[in-house]
Student: 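Starting off with a structure, shown below.
Just so we're on the same page: letters track the sequence lines, and every chain starts at 1. Please read these numbers as outputs of a predicted model, since none were measured by experiment.
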Amino acid sequence: MSIALFSSPPATHLPSPSSPHSTAKTQLALRHFISLRPKKQPPFWVFAENGAGSTSTAAIVEEDKPAAAEEKVSEDKKEESLGSNGSVAVDATAAPAPVTAFQDPRWIGGTWDLTQFQKDGKTDWDAVIDAEARRRKWLQDNPESSNNDNPIVFDTSIIPWWAWIKRYHLPEAELLNGRAAMIGFIMAYLVDSLTGVGLVDQMGNFFCKTLLFVAVVGVLVIRKNEDIETVKRLLEESTFYDKQWQATWQDETSSSSMKD
Amino acid sequence: MASIALNLKTFVGLRQASPENNPITALAKPSSTTTAARKQLRINAAKTSPKVTGRNLRVAVVGGGPAGGSAAETLAKGGIETFLIERKLDNCKPCGGAIPLCMVGEFDLPLDIIDRRVTKMKMISPSNVAVDIGQTLKPHEYIGMVRREVLDAFLRDRAATAGATLINGLFLKMEMPSSKTAPYRLHYTDYNAKTGVSGGKKTLEVDAVIGADGANSRIAKSINAGDYEYAIAFQERVKIPDEKMKYYEDLAEMYVGDDVSPDFYGWVFPKCDHVAVGTGTVTHKPDIKKFQLATRLRARDKIAGGKIIRVEAHPIPEHPRPRRLLDRAALVGDAAGYVTKCSGEGIYFAAKSGRMCAEAIVEGSENGKRMVEEGDLRKYLEKWDKTYWPTYKVLDVLQKLFYRSNPAREAFVEMCADEYVQKMTFDSYLYKKVAPGNPIEDLKLAVNTIGSLVRANALRREMDKLSV
């Protein structure tokens, strides 16, 4: 259990800042995370042993240690959350066992049984989010037939809005505010050093206010380098269908203008 | 926002594979080469055009599907000498076969040509969350499922009864007119020709042409209408056991997901005594068989024990051709590209556009007494664009928003559980009017949509983390 304690703090911090970035960066961040832990394989394997007595019934399956780690796993592909989010779960390719349907003791009647997600008397929404992500990942890799006898009725809106905000919006908001603050400070300093206009006087100037507006919008809209291209294409794409419809009218005006 | 922007990038990236600027450049090309051939292009009313003496205006409708049949009927009723050319009178056109409620009223369809009335639809998300839509339908509202051979034959026969001449033949090519009053010369092979071995090649001279010959229209080629992007719809007719068929008695299913189609949906539609299981795609046509297998897998429990009785595929246009009209030749229906995005609906729009074009010709020629001009036919385009542009645009926005990735599809299915959404969807589908709706509800809907999209994308980010 001490290993579990050791692994959770780094797990909570590292993956979340990397979530808005592309998967390449995520992988980079996680590799850093892996390098922090001196020996990756044994702790996971040992934890699987420890986890036998815990409430969680899943175990991590690793590619290079399939036999030992999955002695109590009935399904051949499960990932484990170490009590909180974002643990390093290795994606195991299917072992010789046949692919079965998605199963999880907390998944009852086509939805997540919230009573099984209790932590300190309150529902652990982060665990619900993790569980649903795992289910969707499972189904993405092993599509299942939709069955009328076991309809799936889970709706993500049962997870309250503040749980989503706390987990996804706040880290990114922190990042963006940080960027905006840095840009603002540098620009205010530069303008002051170049023109001698102090911060309060800058705020009164229309041009400076425009710059401020541009900086804020820029920080909000452009979060990765690729977003610049995306925004340019967005405008073109939103009017593409209109242009296709109006093509026949361009024909008319161009030829009629030729006749004039 | 960033995640939506990221998704947008991939969507446009997919589109880059297809010739994006083709419609626009194709447009530039023909206009420069054919301005010499085209002599006159005034947009005046035809009141100044000469009277047609001694006979009525002659119009040929090439193609005898819903578009051609309704065009020919309207022309014939308007007193115009109509020729309807159809190459296969018993054609079992592969098709979804769904018609909206308004079509039954507007086209006076007898209720016995409707095989089934679908009143329930099930939308199934990539993670198999199933949502029932149709709870807001009133008892008299339904989506009609028809057999194309029955519908097409009915419309054609009605046109023939109204006075159109039905020609069973294959259109070969068309000669453009040499002057404003000169006729079009259509060359076709008459399958009923008494001349036996000579091949039955005949010529027909008409004053105006309506091209209703479908997605691979030859009339469109003759007038250099340009190309469009199209989807391939692949469908298998499956005869399933009776107990399973009871489930599909009045229910159709839509499956969304990357496994089923990257830019469209898979479906199970009930037909007269079997179901049609199919899927479609625009951007990944070579993988269509893979998508079909995935669709069958998703519906496996419900079609288990079924036998495939027929396999068919057909193209579905994605947007109108760059040119829908040239002189006195106009395109209607699939030939013009009037299929909506998102749902891929085409039968109603084909029939309506055929009727609208015919009405424009009847009006411009004053019931066949005067020669028509391009301006008269342009009125049909104007009316069509004005009436249906909002519908097409809304569906285009829906497709761009909700069909681009699995999270978007999950959000889509979640949104469909909302009663307001169901009501708005069915109202606009069944009556073909983009209903304005309640602004407060619209605001709530917008907020819920954004919420669903954000949640689904957040879950997708979790999924990506899991796969590392």
Side-chain angles (χ1 to χ4, degrees), chain A residues 15 19-20 23 26-27 30 79 85-86 88-89 91 129-130 132-137 139-140 143-148 151-157 159 161 164 167-168 220-221 223-224 226-227 229-231 233-234 237 240-245 247-252 254-256 258-259, chain B residues 1-2 5-6 8-9 11-12 15 23-24 27 31 35 38 41 43 124 126-130 226 247 255 257-259 294 297-302 319-325 378 381 385 389 392-393 396 400 406 410 414 417 451-452 454-456 458-459 461-468:
Chain A
S19 55
T23 42
T26 314
Q27 286 176 348
L30 281 165
E79 291 97 357
N85 54 350
V88 178
D91 183 42
I129 293 178
D130 286 328
E132 177 62 12
R134 245 179 288 127
R135 183 185 77 88
R136 291 192 181 184
K137 180 90 188 113
L139 281 176
Q140 187 174 290
E144 265 171 37
S145 155
S146 146
N147 198 312
N148 286 336
I152 296 182
V153 293
F154 177 67
D155 187 344
T156 55
S157 55
I159 302 173
W161 58 274
W164 297 98
R167 183 159 167 173
Y168 295 104
L220 279 175
V221 164
R223 301 186 192 188
K224 303 188 298 289
E226 296 84 16
D227 283 349
E229 275 304 307
T230 308
V231 170
R233 282 207 213 134
L234 178 60
E237 183 176 319
F240 187 59
Y241 193 55
D242 310 24
K243 286 205 213 98
Q244 288 173 333
W245 270 79
T248 198
W249 296 104
Q250 284 167 0
D251 185 18
E252 173 202 44
S254 65
S255 45
S256 63
M258 273 190 238
K259 290 312 296 172
Chain B
M1 166 90 191
L6 173 66
L8 266 169
K9 180 180 171 204
F11 185 82
V12 175
R15 221 203 188 97
I24 317 290
L27 171 67
S31 61
T35 37
R38 254 185 292 140
L41 254 167
I43 325 291
I124 296 162
S127 63
N128 280 338
V129 177
Y247 167 70
Y255 293 89
D258 269 333
D259 55 332
L297 168 65
R298 295 259 237 129
R300 184 188 58 203
D301 290 345
K302 289 174 247 183
H319 62 84
R321 291 189 198 263
R323 177 184 288 159
R324 292 177 259 157
L325 181 65
R378 284 236 169 238
L381 282 187
D385 283 3
W389 165 243
Y392 281 90
K393 184 62 183 170
D396 176 54
K400 283 206 179 75
N406 270 355
E410 297 276 355
E414 247 179 51
S452 284
V454 165
R455 288 196 295 266
L459 274 170
R461 276 188 277 171
E462 280 307 317
M463 285 160 62
D464 287 341
K465 273 191 258 172
L466 287 174
S467 66
V468 169

Student: Heavy-atom distance under 4.5 Å to chain A: side chain of A458(B), backbone, both or neither?
Tutor: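 Looking at A458(B), backbone and side chain both touch chain A.
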
Student: Taking side chain as everything from C-beta outward and backbone as N, CA, C, O, which of these in D258(B) sits under 4.5 Å from a heavy atom of chain A? Side chain, backbone, both or neither.
Tutor: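 The answer is neither part of D258(B).
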
Student: Salt bridge or not for E132(A) and K137(A), using N-O below 4.0 Å?
Tutor: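 So E132(A) does not pair with K137(A) through a salt bridge.
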
Student: Heavy-atom distances under 4.5 Å only: say whether W245(A) touches chain B with side chain, backbone, both or neither.
Tutor: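 Both parts, heavy atoms under 4.5 Å.
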
Student: When you check the gap from the basic side-chain N to the acidic O, do K400(B) and D396(B) get nearer than 4.0 Å?
Tutor: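 Looking at D396(B) together with K400(B), the answer is yes, because their closest N to O distance falls below 4.0 Å.
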
Student: What part of R135(A) gets within 4.5 angstrom of chain B, counting heavy atoms only: side chain, backbone, both, or neither?
Tutor: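 The side chain, not the backbone.
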
Student: Given a strict heavy-atom distance threshold of 4.5 Å, which part of P151(A) is in contact with chain B: side chain, backbone, both, or neither?
Tutor: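 For P151(A), neither part sits under 4.5 Å from chain B.
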
Student: Does W161(A) have R455(B) sitting over its ring (NZ/CZ under 6.0 Å from centre, angle to axis within 45°)?
Tutor: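 That pair does not qualify as a cation-pi contact.
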
Student: Can a salt bridge be assigned to the pair D464(B) and R461(B) using a cut-off of 4.0 Å between side-chain N and carboxylate O?
Tutor: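 No, this pair does not count.
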
Student: List for me each residue that meets ring pair (Phe, Tyr, Trp, His ring centres under 6.0 Å) alongside Y255(B), sequence neighbours excluded, and say none if there are none.
Tutor: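 Scan of Y255(B) (ring pair (Phe, Tyr, Trp, His ring centres under 6.0 Å), adjacent residues dropped) gives none.
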
Student: Just jot down the side-chain contact (heavy atoms from CB on, under 4.5 Å) partners of E144(A), sequence neighbours excluded, or say none.
Tutor: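 With sequence neighbours excluded, E144(A) shows a side-chain contact (heavy atoms from CB on, under 4.5 Å) to A101(A), F102(A), W138(A), L139(A), N128(B), given in chain and number order.
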
Student: Under 4.5 Å from any heavy atom of chain A, what part of I124(B) do you find: side chain, backbone, both or neither?
Tutor: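 The side chain, not the backbone.
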
Student: Please identify, among D155(A), D242(A), N147(A), the residue contributing the most non-hydrogen atom pairs under 4.5 Å to chain B.
Tutor: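 Among the listed options, the one with the most contacts to chain B is D242(A).
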
